[in-house]
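None of the values given here were measured: they were computed from a predicted structure.
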Amino acid sequence: MTAPYRPGPPPGPRPGPPPGVRPAPLEEVGEARHPAVDAAVLGMANAEALAPADQIAQYEAAYETLRETLATIDQA
């Protein structure tokens, strides 16, 4: 028996910035910064050089950090 079918992404352009457009470096963002968010964004940028399985783990860790950080905004 084979595993259940998992569809891939829909055809067409991928979400995100157009090819060749990179986000502004962290130094240019300004004073509205948070250390945990900066670390998560840097981790996602560095994940590009990792193997796909390691990229997934890095993205999941960044997501969790961002989710927790955003949840604390309401508490402040």
Atom of [X], atom of [Y] and distance for their closest heavy-atom approach:
X	Y	answer
T72	T69	OG1-O, 2.6 Å
A62	A40	CB-O, 3.8 Å
Q55	A47	CG-O, 3.0 Å

